[in-house]
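Only one structure is covered here, and it is reproduced in the block below.
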Amino acid sequence: MSDTHINIQDFNTYYSGHQALKNISVDIPKNQITAIIGPSGCGKSTLLKCMNRLIDLTDGATCSGKILIDGEDIFDKKTDITDIRKKMGLLAQKPTPLPMSIYENVAYGPRIHGTRKKSKLDAVVEKYLTMVGLWEEVKDRLDSPASKLSIGQQQRLCLARGLAVEPEIILCDEPTSALDPLSSQHIEEQLLRLKKDYTIVIVTHNIHQAMRLADYVVHLYLGELVEHGLASEVFENPKEERTRAYIDGTFFTDLAIDKEINLKGNVCPYNFVYAKQALHTLEKDDVLRIIVDYPTAVTEVPRGMETDGHNVIRVKQINESDWEIIIQKK
Amino acid sequence: MNSRKLKDKISSRLMLSATVFACLLFFVMLLGLFGKASPILSVVPIDDLLFSKDWSPMAGKFGFYPFIVGTFWVTGLAVIIAVPISLLSSIYLSEYAGNRLRETVKPLIDLLAGIPSVVYGLWGVLVVVPFIKNTLAPILGAETIGGYSVLAGGIVLSIMVFPVIISITTEVLKTVSTDLREVSLSVGATQWQTIKYVVLRKSSPGIFAAIVLGFSRAFGETMAVLMVVGNVAKIPSSVFDPAYPMPALIANTYGEMMSLPFYDSVIMLAALFLLLVVLIFNVLARMVLVKMERSVV
Ligand SMILES: Nc1ncnc2c1ncn2[C@@H]1O[C@H](COP(=O)(O)OP(=O)(O)OP(=O)(O)O)[C@@H](O)[C@H]1O
Ligand SMILES: [Mg+2]
């Protein structure tokens with residue numbers, strides 16, 4: 001097996017008391033693509049945010065355990081976090097261009113790190129825009145605002161911006177979920193091409209994407225590490241039943257629904273109140289399925305239930321107007 | 001028609017009339033002031049009034065220039081003092097301070113914004129004016145008449161303005177998305193670089209709007225300024241000189257010197273002028289704002 005690049009040891013994360021990651025220990029191999037898979041809310045983004053310590057921005061989040069990058073403990077007080085972050089490009093779920101021109105977006109990182117010379121910056125901008133296949137499309141309008149680009153182009157620009165500081169690792173949090181199929185394919189191709197020089201960690205909901213890209217797979221479930229290993233092994237012959245279920249897309253069929261309520265036509269806060277009443281009648285660990293069609297309820301009911309300490313297992317759109325929310329009583 | 005629809009109709013009409021009323025009021029005031037000011041305008045040409053330095057109502061000389069200059073000095077100074085302080089504290093509150101501190105300080109700042117201006121004026125007379133007279137002016141070797149000066153007006157005014165600016169700016173900074181900050185931090189920028197190049201840039205239209213709002217308040221603020229600024233109708237030559245801003249002129253002399261010919265009309269003109277300046281200022285500011293909003297998307 002190849003070298004370890006990111007070494008995670010007994011890692012825990014708490015959001016003001018709520019434990020989002022439980023005792024994660026895993027090694028992420030160098031110059032390969034590692035996919036972190038698992039259902040919504042299982043802690044994938046949290047794990048990624050810990051790797052470059054963006055978790056620091058979250059009020060009330062605390063971590064314990066170690067994450068070593070090239071053997072350096074990134075949570076150590078003596079570590080200069082900007083150096084660590086410089087080693088890692090980030091590709092977010094939503095393409096997020098900085099509020100400046102296309103050129104400035106790519107030049108942003110190098111500028112921050114002290115490159116002043118125009119000729120040098122020009123070269124960097126061209127190099128990385130070419131690398132992500134955007135140069136031909138934008139070379140005549142480098143000075144126009146980055147927000148004028150299409151969403152797919154913006155995501156490639158973000159990739160170029162991350163690459164421009166010459167990182168060793170690229171962290172991607174569902175980088176294609178906001179993109180059309182063609183743009184997604186573009187990004188996937190880039191990532192495959194980049195892996196010979198970079199260690200890539202990609203969070204994805206899309207099991208097929210994980211199969212197409214990953215060399216190594218980490219499966220999280222409710223904050224726990226269920227399984228990790230070579231993609232070929234995990235996908236073809238998972239050791240854990242939960243992994244098999246997730247891969248087969250049947251993850252929740254084994255979750256017996258104990259009660260189901262239909263709240264279509266209700267608005268908030270009634271949705272919330274009815275859901276609460278329904279949970280009240282259930283035993284601990286019982287599972288409630290709620291159907292709603294009121295948009296606010298889709299975010300507010302799960303949030304409220306989580307605040308009450310229950311476990312939101314899934315929030316999913318099931319048809320044009322309706323969403324299902326699955327909650328486990330705690 | 002059922003009663004729900006009727007209610008809907010009535011309430012929308014009611015709101016429309018309220019809006020129309022508020023807008024009309026502005027034009028009624030404008031016309032009223034103009035009507036009252038026209039006698040003096042028909043006798044003395046407007047540029048004589050605006051640019052003459054000679055203010056001797058007894059002799060029938062009504063030069064507004066010292067008041068115009070006084071207004072701009074005091075307001076300008078207030079902004080120069082208030083803007084840096086408010087920006088720094090807004091940045092601190094929204095970017096560095098923890099939730100707890102922010103939640104404690106915010107109500108206090110909002111409270112400052114609600115204190116009646118006469119209280120600020122008193123504080124100016126009791127604290128700022130003596131401070132300038134006894135400490136600041138002697139240290140800097142400047143001359144002052146008892147400390148009542150442009151500087152005193154500027155300081156008092158800036159303290160009245162900065163709660164407004166801080167309060168709005170803090171909100172504006174908080175609307176900048178976390179994603180954007182993460183992007184900047186993730187390429188290895190420090191927090192300060194992120195604030196400087198991304199957060200402030202993204203929120204510059206909002207911050208500008210906050211400053212304009214503060215400025216508008218400063219322009220017309222009367223009571224507190226009037227109490228500390230000295231009220232001498234002369235063009236100040238330094239910030240330690242007294243001045244006589246326009247709102248103070250109106251408040252001080254309206255009703256007192258009405259027996260003088262044209263005086264009433266002159267004061268109305270001053271009010272009209274003040275109204276127009278604030279109007280133009282706001283329109284210009286809005287234009288700049290729209291432009292800025294386009295440039296930071
Ligand atoms: N800022 C926060 N404050 C409190 N709890 C949070 C915060 N961010 C995430 N959580 C909680 O931590 C858990 C893990 O969240 P995380 O965002 O890591 O999940 P995820 O696997 O990325 O989900 P998704 O696939 O939906 O993006 C969830 O239960 C979530 O509600
Ligand atoms: Mg996520």
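Proteins get letters first, then strands, A, B, ... in listed order; numbering begins at 1 in each.
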Discussion item. Around atom NZ of A/Lys94, are there more than 12 heavy atoms from other residues, nucleotides or ligands closer than 6.0 Å?
Written reply: no

Worksheet item: Which atom pair, heavy atoms only, marks the closest approach of B/Ala189 to A/Thr82?
Response: O-CG2, 3.8 Å

Worksheet item: Take atom NZ in A/Lys120; do more than 12 heavy atoms of anything else shown fall under 6.0 Å from it?
Response: no

Response to the item:
When rounded to the nearest 0.5 Å, the distance separating CD1 of A/Ile81 from CD of B/Gln191 is 12.5 Å

Worksheet item: Side chain, backbone, both or neither: which part of A/Lys49 has a non-hydrogen atom closer than 4.5 Å to chain B?
Response: side chain

Item to complete: Show your reasoning for whether side-chain contact (heavy atoms from CB on, under 4.5 Å) applies to A/Arg85 and B/Leu185.
Response: CA-CA 7 Å; A/Arg85 289 190 184 134; B/Leu185 292 172; 3.9 Å; yes

Worksheet entry | Within-4.5 Å side-chain heavy-atom neighbours: A/Pro99 and B/Leu180 | yes

Practice prompt. Answer yes or no: is there a donor N or O on one side and an acceptor on the other, between the side chain of A/His113 and the main chain of B/Val187, under 3.5 Å?
Written response: yes

Item to complete: Determine, step by step, whether B/Val183 and A/Leu98 satisfy the side-chain contact (heavy atoms from CB on, under 4.5 Å) criterion, reporting the C-alpha distance in whole Å, the side-chain angles of both residues, the deciding distance to 0.1 Å, and the verdict.
Response: CA-CA 8 Å; B/Val183 159; A/Leu98 293 168; 3.8 Å; yes

Response to the item:
Looking only at A/Val165, A/Asp83, A/Thr96, most heavy-atom pairs under 4.5 Å shared with chain B are made by A/Thr96

Practice prompt. Count the heavy atoms of every other residue, nucleotide or ligand shown that sit under 6.0 Å from CZ of B/Arg286, and state whether that count exceeds 12.
Written response: no

Worksheet entry | Neighbour count above 12 (heavy atom, 6.0 Å) for B/Phe26 CZ | yes

Worksheet entry | A/Arg161 portion near chain B, given a 4.5 angstrom heavy-atom threshold | both

Discussion item. On a heavy-atom basis, which atom in B/Gln193 and which in A/Tyr108 lie closest, and how many Å separate them?
Written reply: O-OH, 4.0 Å

Worksheet item: Relative to chain B, which segment of A/Pro97 carries a heavy atom at a distance below 4.5 Å: side chain, backbone, both, or neither?
Response: backbone

Worksheet entry | Distance, nearest 0.5 Å, that separates CG of A/Leu90 from OG of B/Ser184 | 11.5 Å

